[in-house]
Amino acid sequence: MTATVPKTGYDPKANRGLERAVLAAQTAHDNRGKDILLLDLRQLTPVFDYFVVATGTSRRQMHAMAEEIDRELVEKFNDRRLGQEGYAVGNWILLDYGDIVVHLFDESARDYYALDQLWSGATKVDWQAAGPKIAS
């Protein structure tokens with residue numbers, strides 16, 4: 001199931017978490033991330049609201065995506081990462097921003113962890129249609 005954010009009456013400030021998740025997805029895309037997925041988990045868990053999942057082609061590229069997502073969220077929202085896992089390992093990086101969690105995988109790790117299937121009950125958000133890119 002894929003949901004798009006309605007354009008009529010949509011106030012991006014009304015859901016800051018979604019706006020930040022869309023920015024993280026857009027930033028992953030801008031840094032050549034593949035198969036980017038934005039999941040709305042608000043109906044499934046009280047722990048976090050959104051997952052952003054993206055695939056990278058190399059450890060270096062995944063590091064660049066992670067660093068750029070951090071930079072963009074600080075610059076645009078003054079949002080600081082609460083935690084990070086997997087950065088040194090290189091095949092999976094988790095960035096925890098509290099209500100949003102970003103997962104960056106290489107192809108084999110993404111297949112192994114299969115978050116797409118694990119959270120298959122979540123609503124997929126069309127992040128490209130969810131609103132304009134935050135102005136630089």
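We're numbering straight along the sequence, starting at 1.
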Looking at every non-hydrogen atom in both residues, tell me the closest pair between [X] and [Y] and how far apart they are.
X	Y	result
R110	K34	NH1-O, 3.8 Å
Y50	A21	CB-CB, 3.9 Å
M62	D106	SD-N, 3.6 Å
I36	A54	CG1-CB, 3.9 Å
R16	F77	NH2-O, 2.7 Å
I93	A66	CG2-CB, 4.2 Å

- prompt: So, do L18 and L38 sit near enough that their side-chain heavy atoms are less than 4.5 Å apart?
  reply: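 Yes - at least one pair of side-chain heavy atoms lies under 4.5 Å apart.
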query: Is Q26 reaching over with its side chain to a backbone N or O of Q128, donor-acceptor style, under 3.5 angstrom?
result: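 No, the answer is negative, given that no donor and acceptor are paired below the 3.5 Å cut-off.
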- prompt: Do side-chain atoms of R59 reach the backbone of A88 as a donor and acceptor pair under 3.5 angstrom?
  reply: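 Flag set: sc R59 to bb A88 pair under 3.5 Å.
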- request: Can you establish whether the number of heavy atoms outside E85 located under 6.0 Å from its atom CD is more than 12?
  value: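 At most 12 heavy atoms, drawn from other residues, nucleotides or ligands, come within 6.0 Å of this atom.
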message: Looking at R71, I want to see if its CZ is surrounded by more than 12 non-hydrogen atoms of other residues, nucleotides or ligands under 6.0 Å.
response: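 Yes, the 6.0 Å shell around CZ holds more than 12 heavy atoms from other groups.
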Can you tell me how far the [atom1] atom of [X] sits from the [atom2] atom of [Y], to the nearest 0.5 Å?
X	Y	atom1	atom2	value
K124	D40	NZ	CG	13.5 Å
M65	D70	CE	CG	13.0 Å
D96	R81	CG	CZ	9.5 Å

message: Is it the case that the side chains of N15 and E19 hold a donor-acceptor pair, with the cut-off being a distance below 3.5 Å and no angle test?
response: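 Absent: no donor and acceptor within the cut-off.
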- request: Tell me, with the steps shown, if R20 and D99 meet salt bridge (charged side-chain N to carboxylate O under 4.0 Å, His left out).
  value: CA-CA 10 Å; R20 291 167 34 248; D99 56 343; 2.7 Å; yes
task: Any chance you could pull the hydrophobic cluster mates of W92, using side-chain heavy atoms under 4.5 angstrom and chaining through other members?
output: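 For the cluster that includes W92, the remaining residues are L37, L39, L41, L44, V47, F48, F51, V53, L94, V101, F105, Y112, Y113, L115, L118, W119.
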- request: Tell me, please, which residues at least two apart from N31 pass side chain to side chain donor-acceptor pair (under 3.5 Å).
  value: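 Listed in chain order: nothing, the list is empty.
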field: salt bridge (Lys or Arg N to Asp or Glu O under 4.0 Å) against E67, all qualifying residues, sequence neighbours excluded
entry: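 E67 satisfies salt bridge (Lys or Arg N to Asp or Glu O under 4.0 Å) with no other residue.
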